[in-house]
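Source: prediction; values computed, not measured. Just so we're on the same page: letters track the sequence lines, and every chain starts at 1.
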Amino acid sequence: MMTMESTETAAGLDTKQRQDLFRQMVLIRTFEEAILREYHADKSPGFDIGKGLIPGEMHLSAGQEPVAAGLCAHLTRDDALTATHRPHHLAIAKGMDLRSLAGEIFGRESGLGHGRGGHMHLFDPATHFSCSGIVAEGFPAALGQAFAFQRAGTGNVAAAVAGEGAANAGPFHESLNLAALWKLPVIFVIEDNDWGISVARAASTSVPSNAVRAAGYGMPGIRVEGNDVEAVHAAAGEAVSLARAGGGPSLIEIHTLRLWGHFEGDAQGYRTELADVPGRDPIPAYERRLRDAGVLTDADVSDAEAAARTRVEDAVDHAKAAPVPNPDEALKYVFVEGAQS
Amino acid sequence: MMTMESTETAAGLDTKQRQDLFRQMVLIRTFEEAILREYHADKSPGFDIGKGLIPGEMHLSAGQEPVAAGLCAHLTRDDALTATHRPHHLAIAKGMDLRSLAGEIFGRESGLGHGRGGHMHLFDPATHFSCSGIVAEGFPAALGQAFAFQRAGTGNVAAAVAGEGAANAGPFHESLNLAALWKLPVIFVIEDNDWGISVARAASTSVPSNAVRAAGYGMPGIRVEGNDVEAVHAAAGEAVSLARAGGGPSLIEIHTLRLWGHFEGDAQGYRTELADVPGRDPIPAYERRLRDAGVLTDADVSDAEAAARTRVEDAVDHAKAAPVPNPDEALKYVFVEGAQS
Amino acid sequence: MSISTGTTAARRSLPIEPDAGTRRLNTAKALQEAIASQMEQDDSVFVMGEDVAAYGGIFSSTTGLLETFGPQRVIDTPISESAFIGLGIGAAVEGMRPIVELMFADFFGVCMDQIYNHMAKIHYESGGNVRVPMVLMTAVGGGYSDGAQHSQTLWGTFAHLPGMKVVVPSNPYDAKGLMTAAIQSDDPVVYMFHKGVMGLAWMAKNKRSIGAVPEEDYVVPIGKAKVVREGTDVSIVTLSLSVHHSLDVAEKLAGEGISVEVLDLRSLVPLDREAVIATAAKTGRVIVVDEDYQSFGLSGEIAATITEHDPAPLLHFSRVCVPDVPIPYARELEYAVLPTAARIEAAVRTAVTA
Amino acid sequence: MSISTGTTAARRSLPIEPDAGTRRLNTAKALQEAIASQMEQDDSVFVMGEDVAAYGGIFSSTTGLLETFGPQRVIDTPISESAFIGLGIGAAVEGMRPIVELMFADFFGVCMDQIYNHMAKIHYESGGNVRVPMVLMTAVGGGYSDGAQHSQTLWGTFAHLPGMKVVVPSNPYDAKGLMTAAIQSDDPVVYMFHKGVMGLAWMAKNKRSIGAVPEEDYVVPIGKAKVVREGTDVSIVTLSLSVHHSLDVAEKLAGEGISVEVLDLRSLVPLDREAVIATAAKTGRVIVVDEDYQSFGLSGEIAATITEHDPAPLLHFSRVCVPDVPIPYARELEYAVLPTAARIEAAVRTAVTA
Ligand SMILES: Cc1ncc(C[n+]2csc(CCOP(=O)(O)OP(=O)(O)O)c2C)c(N)n1
Ligand SMILES: Cc1ncc(C[n+]2csc(CCOP(=O)(O)OP(=O)(O)O)c2C)c(N)n1
Ligand SMILES: [Mg+2]
Ligand SMILES: [Mg+2]
């Protein structure tokens, strides 16, 4: 296990790449802010989780953009990625069509799953993206995708992302062992945002870093501190290269930040460090850093924000205008062949 | 992780203790040989697994006596132990009544579970012994027993034993994390007999030693080589003392030997090293060592064997003479209170 | 491993379904009160699960318990369901009385081996020598667009597998009485509460999620159904949130002269087969309303219970269940597959004209 | 993630239940042959599980495949069921056609989340965009004293949960045809074979575990039951090993002038409800013989299927199942709870006099 400090990591990134990382994070944040707005727009008076244009549990990823941007910079659309109940940042960075994503979140026929899945169940053949609402049960799918890539000899890789809470669940262990045993091209990524709902990392995990667990599988393990997109980029780059070259899996734990509640409606009364959360927002921090380095101007920032806003609002508008699914077709898609029993 | 070599381990054991370890192993082997004999006595012509006085799958522990003897020398009847589908050696060393054990194996009313459980399902309140036929699913029970002991402040500990195959299953990981997190008095013991049925350790486990995995939970891990009862005794002693003193769990992996097939009837065609298995039998080896050290005489050996034979044949005779369960009572014991639905 | 008998005596002396009185609580509060009272009286009772301490349970099953009983008895766990449910089993085997929460029943697939092969079977396999006096508490049900992995009821799955009792309260009174009975039971009990009957501030509230609850301890016996509305034309056999939809329909149709009897099963294991047979004999027309998947579950068991007793009185049998489809996310789709009042009403109308 | 359509065309052209011919195989061989033939024709088919390679499957489901296809396509796994079943799902999503063995169905509790929340739901949640063409093959059943954790059939549990097809062959012919259909299906199929019908050398052999099997490829359509014996007095609705016990009883009672119809369901999902309704209408007296637990399972589903269609023709309904008890170890106890020929015969005698 190694620890990578954020100061060492800019090396090798050119201006375009750094701007792209910034733009990717802005796009994700803009999307999440729009969903936040739409989600709460019509749930009052008296928050009702089932009401409104976007009903149900909503797990937003604000604060965790560095993970998605830094990791997905190394992945093509033909690589695979599996995510969790908190998937939007990764879906966007992986290149999912924003209209299909928003459509699914709004439960419309235009959505990725024609409204059957919802925000925790995004399956996109175009970007080989999937996710699962069951903690840690997304890991194994990545093994299978990596297995298929390995057999086909495509050189593609699969990334499996989950929270630090998931790293205490059985499938984490089974998946790391199997991936290492068969040298599958998988990159395991743990997003350590300090919390699993209301349970602090120290109350769930017997060791300070999941990266130390990599040694138990004979794979490289690294913990990235500082919620720093460039450090993530560097660590992910090594892991992806290793996997593509046939060197097998790696484990990366990234110390990141859950900027908002576990889900919308979470009052976070349990959260001791709540006061200093806003100050840890990674996007203004990265903006400052790039400005200080002279690679980001006022115009670049407004352009990034405007471009993001245009794409996101287009996706949201499109979703809102799309038809809701036909209730008479609720049983469609249970099976490919034939009706259900 | 440390590795303990067998040559360093005799230290601290007096003659009586060494003889006791030998006697314990002889007792276990004698029992397993008797079950082997009885199991096969009436299954021919043409082996039929469901036939005979002892029907069903039979997983015998011959060759793994050093684990049971070395570990259980440190446990009292009030400590707990959970085992697997291969439980006899541990049950005997833990002090289970041999008649109750044999009675259950023969499926008699006199058995521990009145014939309901069978050889993979031994539950003994007197010795806090339990086992499970589901690989790795025995681990969690030990956490709960240790939790109860911890809350009651009794100083008792729980040992959780399973094979090297089980160490790749999810509950292994979940249990080690939780035990370490809550500093539960548990001793995790992996019996590495090189095989999980027909799957060689190298085909199932991504690292050469499970002891390295202990670091991923922040607990001590040790691998004991040589199938050496005194080395096991030493390692277990440290782990038990640590747990009793409130120091939390440890992991011990013991390289041991499956002397016979996975279960009776296993032709072991897959087993590449079959030819040299008999030469690795730990009991003659220990006998030679104690004889060489001058602490075991011909008389001691015959006495140990005779005493074991007497106890074992008594238990077997008792089981054979006991009544079979009454089929009209097949539904008894589903619930404590009331009939089932 | 020891057999605790103390609370058995205590249970015998508790009132059985006493008068409800006038104090009104919501279901969540009633449930919390049952747990708190048992924890006060019995040190061996403790609560464990994800987010049960500071958070108070995602669906408020444990609100306030941490404050009263402290972190030694109200314990947050890692996301390691097999390990902590198994821990509960091991503690129960040693004489403690754990209440373990599985946050959503939908997650059973990550820990079912502990539940059905261990918790439920140890007593039998041990020939009665080892008891597992444990409560596995879990939230069920949909209706708020939580998708295919967070909206299931799944009680048919638990009830199918032997060795565990299964209770499913529909209202505050039963929630308290069944939880008290569950904690005091020497058998493992799966306690399944529907999110929609808890009376949560942040979810559409059923008007019957608040009701009269005695302050004293009492039990609702495990295995006893209740006729919650008498009727003569058609029987609805149901449970949990669907009881309320069924009562709404019964009230509405009473105005049209259709008399609907509603049987709240309350327990699935043991199943009160006498009550099922009695209502079927009374009306001859049976509708099972069940938020679980239709096939191979509760609705079939009701048909078999009636017909194996005597098929003759049965003039009509139908079911309003989830039609063997994963629960869809979009509201329009989800409400097309849930057993809504509209579907129940249509079924009743069909039944009386059949 | 890609949709493979190649084999769909292949499937269409395969004969459906052709003449059996004269070549006789046992069920295990028939099953192996189906797998081998599909592996030969389609590189994307592979087999994975514990002890499926050198050992050939604990119950001989994969004997000989390693020798023919090598370790890249016949793959032993660690004891990590969630991981390797999930691996199968991921590979299927990418267009492969995995056959994954879960050694005993009893182990479902360690990996059910992958099975029922992932394998079975992805196609639906994706709105039909992602297919999971995977076969989950597993051994079921008792009768040889393997105890409560290794003797269960559990098909009711799988059939209750939507999104996976469930097939249960009782003989060599169906074993081959259903496996071929399962591999070629674009839906996930759970293939449950009873150890007692495989014709294993080391287990009591049922005389019908050897039978005529065509050499060519063919399919037994998923979802089609079969009347394996015509009769007029009473219908036995059953599956798997119990088909043979039922046929034995039917043969015996024919001598006494009692005419028993035996329906082999073969598939549980989809369930051939028409066949169930037809036999019930024909005889009016239905006995379900089921080696699964009695309550909340298959037997209830049969009662509901008949009565929701029309309760009137049903004169008698009864069940011969495992009476909601963990499978006991001791032979005397186990055979007291299994659906033996003696219990079936007694049920038939009761049915015809009722
Ligand atoms: C098996 C399982 N257990 C519990 C849950 C409920 N749950 C959903 S998210 C969550 C916390 C996850 O924490 P972490 O893995 O750190 O991810 P984060 O939410 O912080 O992104 C829990 C307990 C679940 N979905 N699945
Ligand atoms: C969850 C589960 N998967 C598979 C099995 C089948 N099985 C029984 S024993 C065994 C091998 C166990 O190997 P190991 O843990 O090394 O123990 P050993 O038999 O060598 O003592 C397997 C695969 C099982 N009982 N439970
Ligand atoms: Mg987290
Ligand atoms: Mg082994």
Against chain C, work out which of A:Gly46, A:Gly111, A:Gly52 has the most heavy-atom pairs shorter than 4.5 Å and name it.
-> A:Gly52
Say whether A:His262 and A:Glu57, considering side chains only, have a donor N or O and an acceptor N or O under 3.5 Å apart.
-> no
Pick one of side chain, backbone, both or neither for C:Ala330, based on which atoms fall under 4.5 Å of a heavy atom in chain A.
-> both
Evaluate the ring planes of A:His119 and A:His59, with Trp represented by its six-membered ring, and classify them as parallel (under 30°), tilted (30 to 60°) or perpendicular (over 60°).
-> parallel
Does a side chain donor of either C:Lys121 or C:Tyr116 reach within less than 3.5 Å of an acceptor in the other side chain?
-> no
For the candidates A:Gly113, A:Gly107, A:Ala167, which exhibits the highest count of non-hydrogen atom pairs separated by less than 4.5 Å from chain C?
-> A:Gly107
Mind ranking A:Ile54, A:Val135, A:Ile49 by heavy-atom pairs under 4.5 Å with chain C and telling me who comes out on top?
-> A:Ile49
Toward chain C, the part of A:Asp328 with a non-hydrogen atom under 4.5 Å | neither
Go through the atoms of A:Ser132 and report whether side chain, backbone, both or neither lie under 4.5 Å from a heavy atom of chain C.
-> both
Which atoms of A:Lys51 approach chain C - backbone, side chain, both or neither, heavy atom under 4.5 Å = backbone
Candidate list A:Asn193, A:Ile254, A:Thr256, test side chain to side chain contact (heavy atoms under 4.5 Å, CB included), partner A:Glu164, passing option = A:Asn193
Out of A:Gly50, A:Ser198, A:Ala136, A:Ser204, which one racks up the most heavy-atom pairs below 4.5 Å with chain C?
-> A:Ser198
In terms of heavy-atom pairs under 4.5 Å with chain A, which of C:Ala204, C:Gly142, C:Pro328, C:Ser82 leads?
-> C:Ala204
Region of A:Glu109 in contact with chain C, defined by heavy-atom distances below 4.5 Å | neither
Checking C:Thr153, C:Val289, C:Thr340, C:Leu338 against C:Ser242 for side chain to side chain contact (heavy atoms under 4.5 Å, CB included), the one that qualifies is C:Val289
Show your reasoning for whether salt bridge (charged side-chain N to carboxylate O under 4.0 Å, His left out) applies to C:Asp248 and C:Arg208.
-> CA-CA 10 Å; C:Asp248 292 344; C:Arg208 295 184 203 82; 2.8 Å; yes
Strictly under 6.0 Å, is that where the ring centroids of C:Phe107 and C:His150 end up?
-> yes
